[in-house]
Amino acid sequence: MNLPLKFPGLVEALPTASPQFINLYNESQPGQTQSVAQELEEGLLEPSATISPKFFYNELGSKLFEAITGLEEYYPTRTEAAIFAASYPQIAATLSESGIHHACLIDLGAGNCAKAAALIPHLQPRQYVPVDISVEFLRDAAAQVQNSFPALDIVGLGMDFSSGLVLPREVQSQERVFFYPGSSLGNFHPAEALRFLQHIADPAQGKARGLLLGIDLVKDTARLEAAYDDALGVTAAFNKNLLLNVNGLLQADFDVRQWRHVALFNAAESRIEMHLEALSELTVRWPGHARRFGAGERIHTECSYKYTVESMTALLRQAGFGQVHYWTDPQSWFAVFWAAVE
Ligand code: AVI
């Protein structure tokens, strides 16, 4: 997962050659023009207040997200895992038929590296590059991958790739295969998703052979909404914890007891929206500013776009990818795509 904003830019190497870790986070990355406080303040002062979902993932938020992935209602994680488990041989064969051998596997939002660790025996990459906003988070995970695959060259990268994906020269320049599971692309607005995909497919980059992508599919509204509003209230806690994180980052005085979790499927936009709704009229203060919220007024905290096989195929083609293959589960709830760069 993309984790919080707490690690200064530095380049560190462990005593052993692999895994090595490179932290590019907080260095001047494309698009990083504002401070965290400015970004939060701007969103809160908009007529319809917003907070970026990247602020979900402080330490507690990351734990809450992990808990979400184990919930009965949150089908995407286990459904994607089942698709991979059933399809590894075909996925490996598809890549091999495209002439891809000993790839450099670039794992976007690698988190605990578990999904890639299951893929590695099938793809047999020469290099594995887990990328996450927190290089600290990657350390233990990458060390475990290294234990399981001692000969594999591992380069952990700390970077916020949502604002640009410029890879350092330590990353193998040929046969790059991007791995973006978990439907995280769905948290981008479609125009941003297109830009992100275009960047990966861009022949001017010249290095990518393709993208292995996991994406959640459109389905009935009740199932979608239950996945984002579970009976135990874990997703509600995940959403409200955003306010605690903002209190820390902005020295604001949000009181989580004054807010209600709202999750709804916006069919016209094909997205789940998460909001926090003020239970009564209230004012939130932070140094130099205040924002009044009326009773029932909302802060928009997340969009999770749901695609069809057709709409995702069209987006991949529009982004410049060539051949597109996909695998899905028996209920067509989730899909794994292989999009080749030709
Ligand atoms: C990380 N991302 C793909 C999750 C999703 O389903 O959009 C984040 C999440 N938000 C609430 N539950 C899970």
Side-chain angles (χ1 to χ4, degrees), residues 1-4 50-58 60-81 83-84 107-116 130-134 137 160-162 179-190 192-193 196-197 211-219 221-245 259-266 269-277 298-307 312 329 333-337:
M1 266 322 310
N2 261 344
L3 287 175
T50 59
I51 302 175
S52 164
K54 71 182 173 195
F55 298 111
F56 281 134
Y57 301 99
N58 63 359
L60 179 58
S62 299
K63 287 182 182 150
L64 288 167
F65 178 69
E66 225 167 310
I68 287 172
T69 63
L71 291 170
E72 177 59 28
E73 293 96 328
Y74 195 75
Y75 59 85
T77 310
R78 65 171 179 279
T79 310
E80 181 185 53
I83 297 169
F84 272 115
D107 186 1
L108 301 173
N112 63 13
C113 302
K115 292 177 185 177
V131 185
D132 203 285
I133 205 164
S134 165
F137 198 78
D160 175 9
F161 57 86
S162 68
F179 180 46
Y180 200 18
S183 202
S184 294
L185 187 75
N187 295 129
F188 287 102
H189 292 278
E192 292 165 359
F196 185 75
L197 293 171
L211 167 69
L212 197 53
L213 173 76
I215 202 82
D216 196 15
L217 300 179
V218 177
K219 60 188 62 60
T221 298
R223 189 166 307 279
L224 282 169
E225 290 185 345
Y228 293 83
D229 194 8
D230 59 279
L232 264 180
V234 182
T235 310
F238 174 73
N239 199 8
K240 289 180 197 170
N241 176 61
L242 183 67
L243 300 180
L244 296 182
N245 195 21
W259 296 85
R260 175 175 95 85
H261 167 68
V262 176
L264 54 93
F265 184 57
N266 177 337
E269 300 286 348
S270 197
R271 67 188 190 200
I272 282 282
E273 294 177 5
M274 294 211 315
H275 301 262
L276 288 162
E277 187 176 288
R298 291 175 177 176
I299 304 175
H300 190 169
T301 55
E302 187 179 54
C303 288
S304 192
Y305 283 85
K306 306 302 168 189
Y307 288 85
M312 181 46 72
D329 55 287
W333 282 358
F334 199 95
V336 169
F337 285 83

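Read the numbers this way: they start at 1 and go in the same order the structure lists the ligands and their atoms. Sequence positions, counted from 1, serve as the residue numbers for this chain.
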Measure from the side-chain N and O atoms of E80 to the backbone N and O of V336, and report whether any donor-acceptor pair falls under 3.5 Å. no
Sub-3.5 Å N/O-N/O distance, S184 and ligand 1: no
Which option out of F65, Y57, F56 puts a heavy atom nearest to atom 13 (C) of ligand 1? F65
For the aromatic rings, using the six-membered ring if either is Trp, is the centroid distance between F56 and F65 under 6.0 Å? no
Answer yes if the ring centres of Y307 and F337 are under 6.0 angstrom apart, and no otherwise. no
Which of the atoms of ligand 1 are close to Y74, meaning less than 4.0 Å from one of its heavy atoms? 4 (C), 5 (C), 6 (O), 12 (N), 13 (C)
Give a yes/no verdict on whether any heavy atom in G182 is under 4.0 Å from an atom of ligand 1. yes
I need the atoms of ligand 1 closer than 4.0 Å to a non-hydrogen atom of S304, numbered in the order shown. 5 (C), 6 (O), 7 (O)
For ligand 1, indicate whether the residue Y228 contacts it via side chain, backbone, both or neither (heavy-atom separation under 4.0 Å). side chain
Parallel, tilted or perpendicular, as decided by the 30° and 60° cut-offs, for the rings of Y305 and H189: perpendicular
Where is the tightest heavy-atom contact between G111 and D132, given as atom of each residue plus distance? N-OD2, 2.9 Å
Region of N239 that comes within reach of ligand 1 [heavy atoms, distance under 4.0 Å]: neither
Ligand 1 atoms nearer than 4.0 angstrom to some heavy atom of S183 are 3 (C)
Verify, without hydrogens or angle tests, whether E277 (side chain) and R260 (backbone) share a donor-acceptor contact under 3.5 angstrom. no
Check the surroundings of atom CD in E72: do more than 12 heavy atoms from other residues, nucleotides or ligands lie under 6.0 Å from it? no
Which of the atoms in ligand 1, numbered in the order shown and given with their element, are less than 4.0 Å from a heavy-atom of F238? 10 (N), 11 (C)
Between ligand 1 and P76, can you find any atom pair, the residue atom being a heavy atom, that is separated by under 4.0 Å? no
